[in-house]
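One structure is given here, and the rest of the page talks about it.
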Amino acid sequence: MDTIKRTEIKNLFTGQAKEKVNQPVCVKGWVRTKRGNKAVAFIALNDGSTINNIQVVADVEKFGEDLLKRISTGASLRVNGTLVESMGKGQSVEIQASEIEIYGQADVSTYPLQKKGHTMEFLRDIAHLRPRTNTFGAVLRVRHNMAFAIHKYFNDHGFFYWHSPIITASDCEGAGEMFQVTTLDLDNLPKNEAGKTDYSKDFFGESTFMTVSGQLEGELGATSLGKIYTFGPTFRAENSNTPRHLAEFWHVEPEMAFYDINDNMDLAEDFIKYLVRYALENCKDDIDFLCKMYDNTLVERLNFVISHDFKRLTYTEAISILEESKHKFDVPVSWGIDLQSEHERYLVEHHFKCPVILTDYPKEIKSFYMKQNDDGKTVRGMDILFPQIGEIIGGSEREADFDKLLTRMKELNMNLEPYQWYLDTRRFGTVPHSGFGLGFERLLMFVTGMTNIRDVIPFPRYPKNAKF
RNA sequence: GCUUCCGUAGCUCAGUUGGUUAGAGCACAUGACUGUUAAUCAUGGGGUCCUAGGUUCAAGUCCUAGUGGGAGCGCCA
């Protein structure tokens with residue numbers, strides 16, 4: 001009997017599974033619950049391939065109380081038996097067990113997962129075991145599908161997957177604090193004549209950091225291969241303590257030659273809608289579970305996004321709406337301010353009640369590389385704002401004019417020396433081009449309905465926490 | 001980093017104005033039940049009330065500090 005080929009549990013619930021009814025099957029997985037009476041035990045088995053459990057029916061007389069007693073929540077099993085149409089309600093098929101092998105028990109007094117009631121905070125403390133829960137199984141399967149869909153979308157649209165470096169010597173766009181990478185002995189640092197640390201003795205011969213963005217290198221790809229995207233981890237050493245920030249997060253950054261700001265917005269909107277649609281079509285069971293257990297408006301919200309145009313307006317128009325709203329904001333609204341969360345939420349959640357794309361921000365509150373408008377005041381940046389999670393995408397048309405870019409960098413007192421390779425893209429054969437950055441975990445928050453970003457990545461990194 | 005709330009059984013929580021031996025549900029153990037659906041029912045075991053100090057005749061409850069966690073804000077994706 002033990003030579004039957006194993007079937008993954010998800011394949012017992014597909015259309016073809018009907019052929020397997022009344023046939024011998026073998027499944028392997030972990031016990032979610034066991035219940036029953038003196039005569040029969042019902043074991044809900046899950047192998048991670050699907051949110052759905054297969055019900056294993058075990059006659060007590062056949063297997064004996066001693067064996068069944070060792071089967072508790074968390075135990076791992078091989079079960080051989082016959083796939084049959086279920087006598088009970090709640091499942092179409094089940095396995096009438098003929099042979100059960102226990103791979104490993106899970107001591108009920110020390111195994112932390114129970115078949116009921118855990119908070120996200122508790123599960124975060126046992127992040128090494130939480131993928132075994134229904135919720136994290138669902139979230140992580142969605143995560144995989146979204147990662148796959150990102151590659152599929154870009155590949156199908158003629159983009160090339162571009163590997164920007166993780167370790168970098170440049171402080172890209174000054175976007176926040178960086179983690180330093182060094183092999184120097186921190187207890188015995190080499191000093192130069194000025195008494196400062198001598199980085200010429202460091203591994204790379206200069207000071208290096210974990211990247212905060214692959215954009216600048218991405219622009220090198222766009223101005224050679226045409227359309228590229230990066231998809232990898234980036235790092236921010238900010239002391240950010242919020243449900244929307246991680247110190248290590250996955251960043252999707254497409255960069256396109258010959259795209260202006262409108263092409264950029266069209267791409268971003270189509271891209272997000274594609275991903276949401278992909279999730280609805282390919283992760284139905286998992287999303288239905290999350291909808292049922294955490295947020296019964298989730299499916300509705302996802303459907304809304306794919307069926308409505310994102311509202312596009314300029315920063316200046318947004319300021320007018322906020323000024324005329326008569327809503328009392330903690331931070332007063334006036335042209336030139338950086339929009340606060342409360343302002344963005346008012347626009348998205350109260351005024352428009354749909355995703356919003358804001359463009360043409362004051363140049364003072366945006367990065368140096370954004371294309372300057374003719375008005376001399378604004379730049380062609382764009383932010384896509386979503387309900388709950390705020391900024392999900394930030395991007396812009398890039399300044400393609402060498403003189404304008406250089407002037408702006410000098411205005412900001414930037415050290416030009418590390419950017420010479422970047423400026424070469426404008427020195428030689430410069431072209432109009434655009435790009436944006438999508439926070440992968442923020443997308444996942446939206447798609448799964450999870451309200452804390454730490455719960456959409458297997459091993460979250462945030463201040464004071466690098467466990468597992 | 002700032003503000004604010006919270007920390008009581010393995011888990012989720014209740015605990016009145018400071019007052020006898022700190023409670024419930026789930027989990028666990030034992031028993032009942034021939035098909036359960038987070039099974040149900042009965043009985044039972046299970047506590048450093050986050051830590052340290054303080055106020056008081058008396059502290060889970062009030063005060064101070066520390067520590068861990070959540071939320072809001074800032075930084076941003």
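By convention in this document, chain letters (A, B, ...) are assigned in the order of the sequence lines, proteins followed by strands, and residues within each chain are numbered from 1. As a basis for the values below, the full set of heavy atoms in this structure was taken, side chains included, without hydrogen atoms, waters or symmetry mates.
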Using only side-chain N and O atoms of [X], determine if any of them is under 4.0 Å from OP1 or OP2 of [N].
X: A:Lys38; N: B:rC33; answer: yes
X: A:Arg35; N: B:rU36; answer: no
X: A:Gln55; N: B:rU37; answer: no
X: A:Arg454; N: B:rG70; answer: yes
X: A:Thr33; N: B:rA38; answer: no

For atom [atom1], what is the distance between [N] and [M], given to the nearest Å?
N: B:rG53; M: B:rU16; atom1: P; answer: 25 Å
N: B:rC41; M: B:rA52; atom1: C1'; answer: 46 Å
N: B:rA42; M: B:rC33; atom1: P; answer: 16 Å
N: B:rU8; M: B:rG69; atom1: P; answer: 14 Å
N: B:rU51; M: B:rA38; atom1: C1'; answer: 36 Å
N: B:rG18; M: B:rU55; atom1: C1'; answer: 11 Å
N: B:rA39; M: B:rG1; atom1: P; answer: 44 Å
N: B:rC62; M: B:rA24; atom1: C1'; answer: 26 Å

Write down the partner of [N] under the Watson-Crick or G-U wobble criteria, each distance required to be under 3.5 Å.
N: B:rU21; result: none
N: B:rA39; result: none
N: B:rC28; result: B:rG44
N: B:rU16; result: none
N: B:rC73; result: B:rG1
N: B:rG68; result: B:rC6

Within the structure shown, what part of the strands sits under 4.0 Å from [X] by heavy-atom distance: base, sugar-phosphate, or nothing?
X: A:Gly437; answer: sugar-phosphate
X: A:Leu246; answer: base
X: A:Ile392; answer: sugar-phosphate
X: A:Pro243; answer: sugar-phosphate
X: A:Arg32; answer: nothing

Establish whether the base of [N] is bridged to the side chain of [X] by a donor-acceptor pair shorter than 3.5 Å.
X: A:His245; N: B:rC76; answer: yes
X: A:Arg442; N: B:rC76; answer: yes
X: A:Glu94; N: B:rG35; answer: yes
X: A:Gln114; N: B:rG10; answer: yes

Verify the distance criterion only: is there a donor paired with an acceptor across the side chains of [X] and [Y] at less than 3.5 Å?
X: A:Gln91; Y: A:Ser86; result: yes
X: A:Tyr422; Y: A:Glu219; result: yes
X: A:Ser98; Y: A:Asn80; result: no
X: A:Tyr294; Y: A:Thr135; result: yes

Which of these nucleotides, [options], is closest to any side-chain atom of [X]?
X: A:Thr119; options: B:rC13, B:rG74, B:rA77; answer: B:rC13
X: A:Ser86; options: B:rU36, B:rC76, B:rC28; answer: B:rU36
X: A:Asn452; options: B:rG35, B:rG72, B:rG70; answer: B:rG70
X: A:Phe249; options: B:rU30, B:rG72, B:rA77; answer: B:rA77
X: A:Gln91; options: B:rG69, B:rG35, B:rU36; answer: B:rU36
X: A:Arg244; options: B:rG35, B:rC73, B:rU37; answer: B:rC73

Does a side-chain N-to-carboxylate-O contact under 4.0 Å join A:Lys377 and A:Asp360? no
Looking at A:Asp266 and A:Arg312, is any side-chain nitrogen of the basic one under 4.0 Å from a carboxylate oxygen of the acidic one? yes
Starting from P on B:rU37, measure out to CD1 on A:Ile43 and report it in whole angstrom. 16 Å
By a 5.5 angstrom centroid cut-off and a 30 degree plane limit, is there stacking between A:Phe42 and B:rA39? no
Can you give one letter per nucleotide of nucleotides 1-9 of chain B, 5' to 3': B if a protein heavy atom sits under 4.0 Å from the base, S if only from the sugar-phosphate, - if neither? B--------
Comparing nearest nucleotides in RNA chain B, the 5'-proximal residue of the pair A:Met87, A:Asp125 is A:Met87
Residue met sooner reading RNA chain B from 5', once A:Asp338 and A:Phe122 are mapped to nucleotides: A:Phe122
Pair [X] and [Y], ring centroids less than 6.0 Å apart:
X: A:His343; Y: A:Phe329; result: yes
X: A:Phe310; Y: A:Phe386; result: yes
X: A:Phe249; Y: A:Phe440; result: no

Is there side-chain contact between A:His157 and A:Asp270, with at least one heavy-atom pair below 4.5 Å? yes
